[in-house]
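Each remark here refers to the structure printed beneath this line.
Keep in mind it's a predicted model, so treat the numbers as computed, not measured.
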Amino acid sequence: MNSGESQRIGNGHGGKVIGGVRKKSGHAHRKSLNDSLEGEVKAFLIDEGQLHTYDDLTKVNPVTPTTVLKCLQARYRAKVFYTHAGCTLVALNPFQPVPDLYSLDVMKEYHCAPQPQESKPHIFIVAEEAYRNVQGQVEPVNQSLVVSGESGAGKTWTSRCLMKYYATVAACSSLLKSQDTVERIEKRVLDSNPIMEAFGNACTLRNSNSSRFGKYIQLQLNRSQLLVGASVQTYLLEKTRVAGQPANERNFHIFYQMMTGGSDEQRREWKMSHDQRFDWLPNAEKTLEEDCFDETVEAMLHLGINAEKQGHIFRILAGLLQLGNVTFCSAMDESQPCDLEEKSKDFMQHCASLLCVPVEELQTCLRVRTLRAGKQSALFKPCSLADCSVRRDCLAKVIYAQLFEWLVTFINDSICADNSTWCNFIGLLDVYGFECFQFNNLEQLCINYANEKLQQHFVAHYLKAQQEEYVSEGLEWSFVKYQDNQGCLDLIEGIPTGVFSLLNEECLLNRASDAKQFRVRLEKELSDNGSMSWDKFSKQPHFTVAHYAGKVSYQIEGMMEKNKDPVPPELIYLLKKSENPLLHQLFADRDPVGQGTRGLKQVVTVVSKFKNSLESLMKILHSTTPHYTRCIKPNTDCRPLTFKKEEVIMQLEACGIVETIHISAAGFPIRIPYTSFTQRYGLISNLTLFSQGAGEKGLEVDNKGALGLAVADILRVVLSHSLDPSRHIDNEARSSLVHCGRTKVFLTNSMLELLEEHRNRVCSQRAFSIQCCWHRYKQRRRHAMRRAVTLIQAVVRSWLVRRAVRRWHRAAIVLQRSWRKWRALMDALAEAELDDAEDLQEEAMPPELDPILRARGSVQLSSIQEPVMVRGWPMGLALASAPTITVSMTATGFQKMMSVMACLNGHCFRSGEYKVETNQFKQGVASIRAQPRVRPLPFRQIFAILEASEVEHTSNIHIIFQYVFDPGLPPQPDNSHLHSHVILYC
């Protein structure tokens, strides 16, 4: 913020700033100040390309209707439809669907935002602020969202978006065990909208979906701020629309939905042919988005209105349409009741059939009046032609009103939670907007009166209470003027000389209504009130009221009858006899006698009931925290993206938006308690400098406690250390930016920007420090982990090596032990053979073999009684005896030897390679370690020697088989590369 902006903040409104206080300048400076203001307005409007960037109108400098209007127009052209206006939200109706503006992702974005106010202006910001107030239990905990504006400004759509938001937020916050319950309640709450709009909304000149009743929806929350139920309160249904519609307007949506969405079977049941035309359904050829019959039926089913009840409802509505086509004509004899027109007889028959009442009794009730005088017998008097039409309309209005009330009660029974399950609520108020037509009557007077009450609540809560808070907190505040509508309210509701009071008195008098006489009385009683005026040249009796939104002229003719709202007793008796279960239920508890009694105390007029219900509503609003949303209608033709300055400026001035912005901008729109302020901005000074003076540099602290000193220190740091030296602020400007009250800190938007800017800088520094510490910690941890991994790997490798070495040692030991055993065995065998050889040399003949051994053919290498079995040769000995391997065996008998030969022959040994010699010890030493000195004989020679010597029984025959593998020969299929040699010793 540069110095020029600072000067404008201090003097933008032509006043001198002293200690956070704006005082009015003298009369001599007014002309120069006005010239300066015009110059500032021109300078502000030069850069039109930046006007759409002002998301809060309090940032506009200077605040004038022109600058505010230009900003709204620029934002509307940029398709930005929401703008903050201090403590309120301004919503411009785009009159066309806006994609992704109300999507589920947008809802979650605003709900999860740490500071929703920092986001772009949106209706969800208002909703989230109210929801967080409930979560934080900020007193008063209960919240109310008031959506106001003219008819067609978008109030109904805004209320629908708010309900969807809260249902989504409650569902997102719910626990798994209650998810189904929340979704069921959410669906029922949302399904109440289509039903209420179908039966309570209609197309008017100013709005295609105008609410013809007011409703206050309480969304009930439990202690966990979860949606557990809802309730609906309605105010003043415009039931006269059923029997009479203004020019170029339509009846309630439900009738047109039946005409366009009913099936052929349903239309036959309702006695509606496709070419049927009804007098009470004007502009039926006009198709609207709201004419969705299937959606209404589906919503009814979800709320528990089954097909049977739906059938009863639609038959009643179809009967009302048939009743609207019934017309009368004067009878030839004045003493006789009026006659039905010929074309109306079928409609009368259809109406009686659909309402399930006798057709004769229905005709009698519409044409004959029953008079009762005390205990005397009833008298019957034919009704005039006008009275017959009035009775017909009265029957339709009372049936529709009772049906609408039954629907509201059924919806409440379906979605309302027990009192023990909810503790807080968020209320959504959607009332009819301010109306001004060519002909205005009692309905418009009540509607505009309700808007006056809401405007008064806004003025009292914001414009008046805000300035009074400045004074209570110690600020020297010069009150800004604003439009107070208390005078208009006194005119309407004043006792005993208000319009409502005089109207009720006129209705209670036992005389015929006279519009001219009532006007005379109004002039007499209220001539001194500046909010009322009359047009002396008008032929029709009327009176004009100067509302906050403009002057409206009301027609007096018919006002007293509407206020009385009489219902003939015979009509109630007739409806009680209906065979339609629902219609009979609607009037079962209604007392028809009380409606016809002339006692003053028992007559309750329309304005009395409406006033009482409105007062109860205002009590609720006063006991809750209100949040206002001002809906603005950019043009009267409902054309998309069309902005008419004249229409918008009138609405801005009427609802006090300009004054609200002016007070917020001229004063301190941001008011933060000390505790909240220190919690958010305490990190700027670390809250450690409490001992320093708190009144430094133009700051005045009334609270000398620790919080006050902390707040002063934070402000001192921010104001003395601007981010840019060119933004240095002098002492006078400092006082205009911030003021410390007794319990709160009052800030301007520029000071808030300074605080946020400095806080962001400190947060960035702290975040950078945290990042450095974190990176250092991560680096150290990563290095430690790397060292740990290396150590673990080394330990594992060493363990694996040790384990392998131990296994190798064990294997070597086993091999060594086995080798030693084998070596010892071989040595023992060698010694035994040597000993046998010596014994054989000494004896002439070899010892006889044991018979058992002879029979078995075992191998015996010595004369020891226990033979030694040789099964194989170790690899080492085989290699040592290369190139031949010799096996010695002992056998007895020629057959045994031949069996051995056959086994050897089975190995495919080549013939001619074996030699046989007798075992003559003189030729060498018989040993398995020393090779014989003779040449081995082939098999053929062995057989020849054996045959020639005719030896059949040999006592000791040693056969040595020698297997020789000749590596020089390639492998042969018949294994001929294996050479076998046998040495036979006999």
Is there a side-chain contact between [X] and [Y] (heavy atoms, below 4.5 Å)?
| X | Y | answer |
| --- | --- | --- |
| R160 | M163 | no |
| V606 | L236 | yes |
| P626 | L621 | no |
| I195 | F410 | no |
| V147 | D430 | no |

Which residues share a side-chain hydrogen bond (donor to acceptor under 3.5 Å, both in side chains) with Y628, sequence neighbours left out |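 Partners of Y628 by the side-chain hydrogen bond (donor to acceptor under 3.5 Å, both in side chains) criterion, ordered by chain and then number, come out as H457.
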Residues two or more places apart in sequence or in another chain: which of them pass side-chain hydrogen bond (donor to acceptor under 3.5 Å, both in side chains) with D490?
->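 Testing D490 for side-chain hydrogen bond (donor to acceptor under 3.5 Å, both in side chains), a comparison that skips the adjacent residues, returns Q486.
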Quick one: closest heavy-atom pair of M196 and V232, and the distance?
->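 M196 and V232 have their closest heavy atoms at CE-CG1, 3.8 Å.
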Heavy-atom pair of closest approach, residues P194 and T296 |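 Here P194 and T296 meet closest at O-OG1, 4.3 Å.
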Pairs meeting criterion salt bridge (Lys or Arg N to Asp or Glu O under 4.0 Å) with involvement of residues 231-249, two or more places apart |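 Every salt bridge (Lys or Arg N to Asp or Glu O under 4.0 Å) pair that includes a residue of residues 231-249, provided the two are not neighbours, is R212-E238, E238-R241, K239-D565, R241-E249.
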Can you list every pair that meets salt bridge (Lys or Arg N to Asp or Glu O under 4.0 Å) and has a residue in residues 394-418, with sequence neighbours left out?
->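 Sorted pair list comes back empty.
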If you measure from the Lys or Arg side-chain nitrogens to the Asp or Glu carboxylate oxygens, is any gap between E493 and K611 under 4.0 Å?
->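 Salt bridge flag = no for K611 with E493.
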Candidates S513, S608, C446, C507 - the one meeting side chain to side chain contact (heavy atoms under 4.5 Å, CB included) with N563 =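 Answer to the side chain to side chain contact (heavy atoms under 4.5 Å, CB included) test with N563 among S513, S608, C446, C507: C507.
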Just checking, is any N or O donor in the side chain of [X] or [Y] under 3.5 Å from an acceptor N or O on the other one?
| X | Y | value |
| --- | --- | --- |
| Y400 | N251 | no |
| Q233 | Y235 | yes |
| E197 | T156 | no |

Heavy atoms from other residues, nucleotides or ligands near CD of Q540 exceed 12 (cutoff 6.0 Å) =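 It does not: Q540 CD has 12 such atoms or fewer within range.
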Any side chain to side chain donor-acceptor pair (under 3.5 Å) pairs touching residues 311-327, not counting sequence neighbours?
->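 Passing the test, one end in residues 311-327: T327-E341, T327-S344.
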Check whether any side-chain N or O of S501 sits under 3.5 Å from a backbone N or O of T497 as a donor-acceptor pair, and report yes or no.
->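 Not a single qualifying donor-acceptor pair exists.
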Would you check if the side chain of E506 reaches a backbone N or O of D514 as a donor-acceptor pair within less than 3.5 Å?
->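 Between the backbone of D514 and the side chain of E506 there is no qualifying donor-acceptor contact (under 3.5 Å).
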Report yes or no: is the cationic atom of R392 (NZ for Lys, CZ for Arg) under 6.0 Å from the centre of the six-membered ring of F328, at an angle within 45° of the ring normal?
->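 Not flagged: R392 not positioned over aromatic ring of F328.
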Can you sort out the partners of E525 under salt bridge (Lys or Arg N to Asp or Glu O under 4.0 Å), two or more places apart, ordered by chain and number?
->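 In terms of salt bridge (Lys or Arg N to Asp or Glu O under 4.0 Å), with neighbours along the sequence ignored, E525 is linked to no residue.
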